[in-house]
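Some notes on the structure that comes next.
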Amino acid sequence: MDLSAISPIDGLQNVTGLEALKQKTLPGLRMDKEDGAEGTLFGAFLNSAIDNIRTTNKYLSDAEDENIKFALGETENAHDLAIALQKASSALQYTVAVKDKFLEAYKELMQMQI
């Protein structure tokens, strides 16, 4: 049975919305030795962001699984459900906050006059 068809948080399975991020490859990103320290720093930052998004997706999936188990009566442990829901909520709030700050910085850079 495909549980994604009955997902209460449908659309949040992939927070990024980019298939390339799921595969950890981006078309324009080169990590050659020629790129220098800045390329390595950007690559490390990008990989960290991708890992954080994957962790957020895992927490959302775990919370959904616990919710379905509880609703179907497969478990009576509401404590695990509450913990999974709180982890998912905190991770999603953090991810959205980071995204908002990134977009704010991008907009500020775009408004700069050179």
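The structure presented is a predicted model; accordingly, all values stated were derived computationally and were not measured. These numbers come from the heavy atoms of this one structure, side chains and all, not from hydrogens, waters or symmetry mates. Starting from 1, each residue takes its place in the sequence as its number.
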Nearest 0.5 angstrom please: [X] [atom1] to [Y] [atom2], how far?
{"X": "Asp65", "Y": "Thr75", "atom1": "CG", "atom2": "OG1", "value": "12.5 Å"}
{"X": "Glu64", "Y": "Ile68", "atom1": "CD", "atom2": "CD1", "value": "4.5 Å"}
{"X": "Lys99", "Y": "Leu92", "atom1": "NZ", "atom2": "CG", "value": "10.0 Å"}
{"X": "Tyr59", "Y": "Ser89", "atom1": "OH", "atom2": "OG", "value": "13.0 Å"}
{"X": "Glu104", "Y": "Lys107", "atom1": "CD", "atom2": "NZ", "value": "8.5 Å"}

Closest approach of [X] and [Y], non-hydrogen atoms and distance?
{"X": "Asp80", "Y": "Asn77", "value": "OD2-ND2, 3.0 Å"}
{"X": "Thr56", "Y": "Thr95", "value": "OG1-OG1, 2.7 Å"}
{"X": "Ala63", "Y": "Ala84", "value": "CB-O, 3.6 Å"}
{"X": "Glu66", "Y": "Leu81", "value": "C-CD1, 3.7 Å"}

message: Donor-acceptor pair, distance only, cut-off 3.5 Å: does the side chain of Ser61 make one with the backbone of Asn57?
response: no
message: Donor-acceptor check, side chain of Ser48 to backbone of Ala44, threshold 3.5 angstrom: yes or no?
response: no
Glu76 atom CD, neighbour heavy-atom count above 12 within 6.0 Å: no
- prompt: Going hydrophobic residue to hydrophobic residue with side-chain gaps under 4.5 angstrom, can you get from Phe70 over to Leu85?
  reply: yes
Val96-Leu60 co-clustered via ILVMFWY side chain contacts under 4.5 Å: yes
query: Is it true that Lys58 and Asp62 make a salt bridge, defined as a side-chain N closer than 4.0 Å to a carboxylate O?
result: yes
task: Can you spot which of Leu46, Ile53, Asn52 makes a side-chain contact (heavy atoms from CB on, under 4.5 Å) with Ile50?
output: Leu46
